[in-house]
Amino acid sequence: MNFAAQLFYSSYLSERLERLFSPKPAIKDSGENDPFWAREELRLGPSQPGGPCKSGPFSNGTVGRRPTLIEPERLKDFGEEELLNGDVKVHETKVVEVAEIKLMDPPKTRRVSEFRIIPRPPAQYLRFEDISAAAFRIQAGIQKTPCTYSRLSKQYGMEIYLKKEHLHYTGSVKERGALYLLASLTQEQQRKGVIVSTDSSFSMAVAHHAVELKIPVFVIMPSGCSSPRLRIYRDYGAMVISYGSTNRDSQNHARHLAKENGYLYLEEDENAAYLAGLGTVGMEIFEQVPKVDAIIVPAAGQYGLLAGTAAAIKHLNSQILVVGIEPEGFPLLLQSLKTDGPIKDMHSKPNKKLYGDLMERSLGVNTFQLAKKLVDKVIPVSEEESLVAMLRFHEFERSIVDTEGAMGLAAILAGKLPELRGKKVVIVVSSANMESELVRQCLDRALVLDDRVSKFAVQLGEFPGDMAKLLDVLSREDVRLLDVCHRRHGDKSDLFKAKVECVVETRDKTQSAQLRKMLNERYPSICWLDR
């Protein structure tokens, strides 16, 4: 504010205060030029000009109170006051209402049928998260099996790696699923105990890991089970009970005991926890063998190993080929894929001794859907091809496996996967739970199927040295003589002739062909016998 304005305002303020607080009455002639005091009736003091003021100044109709410094124009917001016959009249201002805001009409309700219903995607029966959780849960109780390069790779023109699941404590990959299944039980179920029946790889896995987890386990076996197998279950720590003559009898008795005593009856089925445990094989393969092109998995039992492995592999890399192998005498999955639905019963039955886990099994709906969606190819192999594959494992890998564990290699040996030549292939060797006597019989049969054991009959004269000459020929050909039988009576042979039957073993098919050619030229009467 400049100097002139300050001077004007100070002079006006001093004059204003002098008039307000002066004891003399206001004089009419002394007019005031007050821009803030526009109307006469609003002046403080008596209503008549020149009237006396005995008791001091008036303030808002009250005697003796000093007036406020608030300008009356400011009071218009709250109401104006007038002095009318000693009363105070208040003029209230009207509040103008704000225009009413009209709300929009609420939306009309629509029927559910008018909306487009978007179906939710179906819940996945087996997720990769479940397999990862299983891998974390069982890592302390399951060893990480090796996946090694095979000596058969160069022979068959591909990089073959063997995932040796038969090296588990019970000799089967089913330990993975059984352990996670037992670990997923509630504390009440674990406290009461579990019960299994029949002699199978699944029962052995449950018996072993249930004892390790301090879970009571009972095994119901048919009376025809061999003593060495029963001793194995008892060595694990399970309570073994022999009942019935067939597997069905033992199963019915196991269900009855479970119902009466509150045990949990376990059997190999498509339980989600069981499949998740088996699927950990695929995670280990993906970690151990980089840039793998194909994985060959035996599809036997409940087909859980194939479904679980495919679920893990396809999540990690959908470009990896997953091939399932099943017995030619029991192509349950292959026939189910052709009919687009799981087949409950097959008219054909596999060899009970060779494929014991396949007996009285069926393909579940969820397992079938997983295999249909994730498995690229299913190939059947014959019993003979599986036996030859067992022989290859014994000779080249120094391993004894059963027919189920050898099925993956059997498909390659039979030439049923020519598209994998030059590729990196992993074969899952699932189990090795065959009795020693049966293994010996299988290997003997495999030698015959591989054209390495031959049997022939030849007629020799009774002259001294004829038998020695035959044995000398076999020795010079570096042939191993397994059995010889010299018969002089009982056959319709020529007079003064003797029939000699020999069983010999050769190194390979080439040596066997050379032996046959040489003996046919030397002994025209030779007869080759099929074993």
Side-chain angles (χ1 to χ4, degrees), residues 148-162 164 166 354 381-403 405-418 421 425 427 429 432 434 436-460 466-486 499-531:
T148 59
Y149 184 78
S150 175
R151 300 179 180 89
L152 296 169
S153 299
K154 296 181 180 180
Q155 184 175 350
Y156 294 96
M158 61 185 72
E159 295 185 50
I160 300 176
Y161 291 83
L162 301 176
K164 298 181 178 180
H166 65 288
L354 297 182
V381 294
S382 63
E383 175 184 318
E384 293 77 11
E385 293 166 348
S386 297
L387 294 177
V388 174
M390 288 181 59
L391 180 62
R392 295 289 188 273
F393 270 107
H394 176 65
E395 293 180 335
F396 290 88
E397 299 297 332
R398 304 298 187 266
S399 300
I400 301 297
V401 301
D402 54 17
T403 49
M407 286 195 303
L409 182 61
I412 294 180
L413 301 184
K416 296 183 177 181
L417 292 170
R421 293 188 64 87
V425 182
I427 301 175
V429 186
M434 186 175 286
S436 57
E437 179 62 24
L438 184 57
V439 170
R440 186 188 64 80
Q441 296 177 9
C442 290
L443 293 180
D444 291 342
R445 180 61 179 169
L447 289 171
V448 178
L449 296 173
D450 200 30
D451 292 334
R452 294 170 53 184
V453 173
S454 303
K455 182 179 180 180
F456 63 88
V458 62
Q459 290 184 355
L460 300 178
D466 286 350
M467 186 65 182
K469 291 179 181 179
L470 175 61
L471 298 179
D472 182 65
V473 170
L474 296 178
S475 64
R476 284 189 281 108
E477 291 292 331
D478 196 15
V479 174
R480 180 185 177 189
L481 182 63
L482 300 179
D483 190 16
V484 60
C485 180
H486 185 272
K499 185 177 181 180
V500 179
E501 294 181 357
C502 296
V503 180
V504 294
E505 179 183 352
T506 57
R507 292 189 303 270
D508 49 28
K509 294 181 179 180
T510 303
Q511 187 184 19
S512 178
Q514 294 177 356
L515 178 64
R516 284 175 177 259
K517 181 180 178 181
M518 187 271 299
L519 292 178
N520 288 334
E521 294 176 353
R522 190 176 186 92
Y523 300 98
S525 61
I526 191 172
C527 178
W528 295 93
L529 306 176
D530 295 332
R531 295 189 64 189

Peer 1: Looking at CD1 of I160 and CD of Q155, how far apart are the two atoms once the value is rounded to the nearest 0.5 Å?
Peer 2: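 The CD1 atom of I160 sits 8.5 Å away from the CD atom of Q155.
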Peer 1: Can you confirm whether L417 sits close enough to M158 that some side-chain heavy atom of one is under 4.5 Å from a side-chain heavy atom of the other?
Peer 2: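 No, every pair of side-chain atoms sits at 4.5 Å or beyond.
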Peer 1: Under a 4.5 Å cut-off applied to non-hydrogen side-chain atoms, are T403 and E383 in contact?
Peer 2: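 The answer is no; the side chains never approach within 4.5 Å.
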Peer 1: Which atoms form the tightest heavy-atom contact between L529 and A457, and what is the distance?
Peer 2: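 Nearest pair, atom of L529 first, then A457: CD1-CB, 4.3 Å.
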Peer 1: Do the non-hydrogen side-chain atoms of D466 and V500 ever get within less than 4.5 Å of each other?
Peer 2: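 With C-beta onward as the side chain, the pair stays apart.
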Peer 1: I'd like a table of donor-acceptor pairs (distance under 3.5 Å, sequence neighbours excluded) in which one partner is a side-chain atom from residues 467-478, with atom names and distances.
Peer 2:
{"unit_1": "D472", "atom_1": "OD2", "unit_2": "R476", "atom_2": "NE", "d": "3.0"}
{"unit_1": "S475", "atom_1": "OG", "unit_2": "L471", "atom_2": "O", "d": "3.4"}
{"unit_1": "S475", "atom_1": "OG", "unit_2": "D472", "atom_2": "O", "d": "2.7"}
{"unit_1": "D478", "atom_1": "OD2", "unit_2": "R507", "atom_2": "NH1", "d": "3.1"}

Peer 1: Kindly indicate whether the side chain of L354, heavy atoms from C-beta on, has any atom under 4.5 Å from the side chain of C442.
Peer 2: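 A side-chain contact under 4.5 Å exists here.
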Peer 1: Heavy atoms only: give me the nearest A389-L409 pair and the separation to one decimal.
Peer 2: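 Heavy atoms only, the tightest pair is O-CD2, 4.1 Å.
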Peer 1: With a 4.5 Å cut-off on side-chain heavy atoms, are L413 and E385 touching?
Peer 2: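 Answer no - side chains too far apart.
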Peer 1: Mind running side chain to side chain contact (heavy atoms under 4.5 Å, CB included) on D450 and K509 for me, showing each step along the way?
Peer 2: CA-CA 7 Å; D450 200 30; K509 294 181 179 180; 3.6 Å; yes
Peer 1: Mind listing the side-chain donor-acceptor pairs of residues 479-486 below 3.5 Å, one per line with the distance, residues two or more places apart or on another chain?
Peer 2:
{"unit_1": "R480", "atom_1": "NH1", "unit_2": "E505", "atom_2": "OE1", "d": "3.3"}

Peer 1: Can you give me the closest heavy-atom contact between K416 and S382, atom names plus distance?
Peer 2: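 Looks like NZ-N, 4.4 Å.
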Peer 1: Can you name the nearest heavy-atom pair linking F393 to A406, along with the distance?
Peer 2: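 Taking F393 first and A406 second, the nearest heavy atoms are CE1-CA, 3.9 Å.
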Peer 1: Set out, in order, the CA-CA distance, both residues' side-chain angles and the distance that settles side chain to side chain contact (heavy atoms under 4.5 Å, CB included) for I400 and M434, then state yes or no.
Peer 2: CA-CA 9 Å; I400 301 297; M434 186 175 286; over 6 Å; no
Peer 1: So which heavy atom on S386 is nearest to which on M407, and how close?
Peer 2: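 So the minimum-distance heavy-atom pair works out to OG-CG, 3.8 Å.
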Peer 1: Residues in ring-ring contact (aromatic ring centres under 6.0 Å, His included) with Y161, at least two apart?
Peer 2: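 Applying ring-ring contact (aromatic ring centres under 6.0 Å, His included) to Y161 gives Y149.
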Peer 1: Could you go through L391 and R452, starting from their C-alpha distance and side-chain angles, then the distance that decides it, and tell me whether this counts as side chain to side chain contact (heavy atoms under 4.5 Å, CB included)?
Peer 2: CA-CA 11 Å; L391 180 62; R452 294 170 53 184; 3.6 Å; yes
Peer 1: Which heavy atom of S512 sits nearest to which heavy atom of T506, and what is that distance?
Peer 2: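 Taking S512 first and T506 second, the nearest heavy atoms are CB-OG1, 3.5 Å.
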Peer 1: Do W528 and S454 have side chains that get closer than 4.5 Å, going by heavy atoms?
Peer 2: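 Yes, their side chains come closer than 4.5 Å.
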Peer 1: Looking at CG of L152 and CG of L162, how far apart are the two atoms once the value is rounded to the nearest 0.5 Å?
Peer 2: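 One finds 7.5 Å between CG of L152 and CG of L162.
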